[in-house]
Amino acid sequence: MRDAVLQAFVFAQETTTTAEEEGSLIDVVPGLMVWTILTFLIVLWVLRRFAFGRIQGMIDQRRDRIREALDEADKAREEARELRELVKREREEALADRERILDESRRQAQRQLEQAREQADTDLKERLEKNREELEAENARLREQIRRDVVELTLLASEKVTGKILDEEDQRRLIDETIAEVDVKQIASEN
């Protein structure tokens, strides 16, 4: 490695001394200048003829692709914004629908509750009325039964007391007097 560095240093010194002997780089040498210009023009013509058109075409294609990509990005950004607004509107509509449905459900539940209460009240009133009618019918039946029992007891008691069977007219008079004296409602309420 050390030898390679030394050789590079020696080569650089030899080149520098050779350049000093021939002249410096900023000296004007007419032949060299003509050949340099001629070479430059040939290289420029070749590059212009074969390379610059292709390079310019590639640059134009790249510029077009970049412009298209930017346009697509702008479109995508616009679509994303529109979608965001659409989603926001749909979310708001869904929330409004949910609230409307909940309100409607609450109203229906309230209506059903009121209907159930009314139905229960109606059923209760019907049952109470039916029970009252049944009680009145039972009371009437019991009163009639009590009257018959009182009549039979009165007839039996009168036969035992008098020792004779009463005729129909006497039975009717005795029954009317006994019924007038006995308060059937009071007997029914005591039982």
(message) Applying a strict under-4.5 Å side-chain criterion to I, L, V, M, F, W and Y, I'd like to know whether V46 and L38 cluster together.
(response) yes

(message) Would you say that more than 12 heavy atoms from the other residues, nucleotides or ligands in this model lie under 6.0 Å from the CZ of R148, or not?
(response) yes

(request) Hey, could you give me the CD/CE distance between Q61 and M58, rounded to the nearest 0.5 Å? (result) 8.0 Å

(request) Could you check D97 against R100 for side chain to side chain contact (heavy atoms under 4.5 Å, CB included), going step by step and ending with a plain yes or no? (result) CA-CA 5 Å; D97 287 346; R100 184 178 41 71; 3.0 Å; yes

(request) Supply the atom-to-atom distance W45 CH2 to I42 CD1, rounded to the nearest 0.5 angstrom. (result) 9.5 Å

(message) A side-chain contact here means heavy atoms from C-beta on lying under 4.5 Å apart; do M33 and I37 qualify?
(response) yes

(request) Taking the side chain as every heavy atom from C-beta outward, state whether E136 and N139 have any pair of such atoms under 4.5 Å apart. (result) no

(message) I'd like to know whether CZ of R127 has more than 12 heavy-atom contacts from other residues, nucleotides or ligands below 6.0 angstrom.
(response) no

(message) Can you tell whether the side chains of E79 and K75 come within less than 4.0 Å, N to carboxylate O?
(response) no

(message) I'd like to know if E85 and R81 make a salt bridge, using a cut-off of under 4.0 Å between side-chain N and carboxylate O.
(response) yes

(request) Could I get the full list of side chain to side chain contact (heavy atoms under 4.5 Å, CB included) partners for D103, not counting sequence neighbours? (result) R106, R107

(request) Working to the nearest 0.5 Å, report the span between CG of L41 and CZ of R48. (result) 11.5 Å

Only pairs under 3.5 Å count here: list side-chain donor-acceptor contacts from residues 49-56, not counting sequence neighbours, and write none if there are none.
residue: Q56; atom: NE2; partner: D60; partner atom: OD1; Å: 3.2

(request) Apply side chain to side chain contact (heavy atoms under 4.5 Å, CB included) to R98 and list each qualifying residue two or more places apart in sequence or on a separate chain. (result) L95, L102

(request) Decide side chain to side chain contact (heavy atoms under 4.5 Å, CB included) for L70 and R67; before the verdict, give the C-alpha distance in whole Å, the side-chain angles of both, and the deciding distance to 0.1 Å. (result) CA-CA 5 Å; L70 288 174; R67 187 174 299 122; 5.7 Å; no

(message) Just verifying a value: how many Å separate Q110 CD and S105 OG, rounded to the nearest 0.5 Å?
(response) 13.0 Å

(request) Flag the pair E104 and R111 as a salt bridge only when some basic side-chain nitrogen lies within less than 4.0 angstrom of an acidic carboxylate oxygen. (result) yes

(message) Nearest 0.5 Å, please: how far is CZ in R77 from CZ in R84?
(response) 10.5 Å

(message) To the nearest 0.5 Å, what is the distance between CG on L86 and CZ on R91?
(response) 11.0 Å

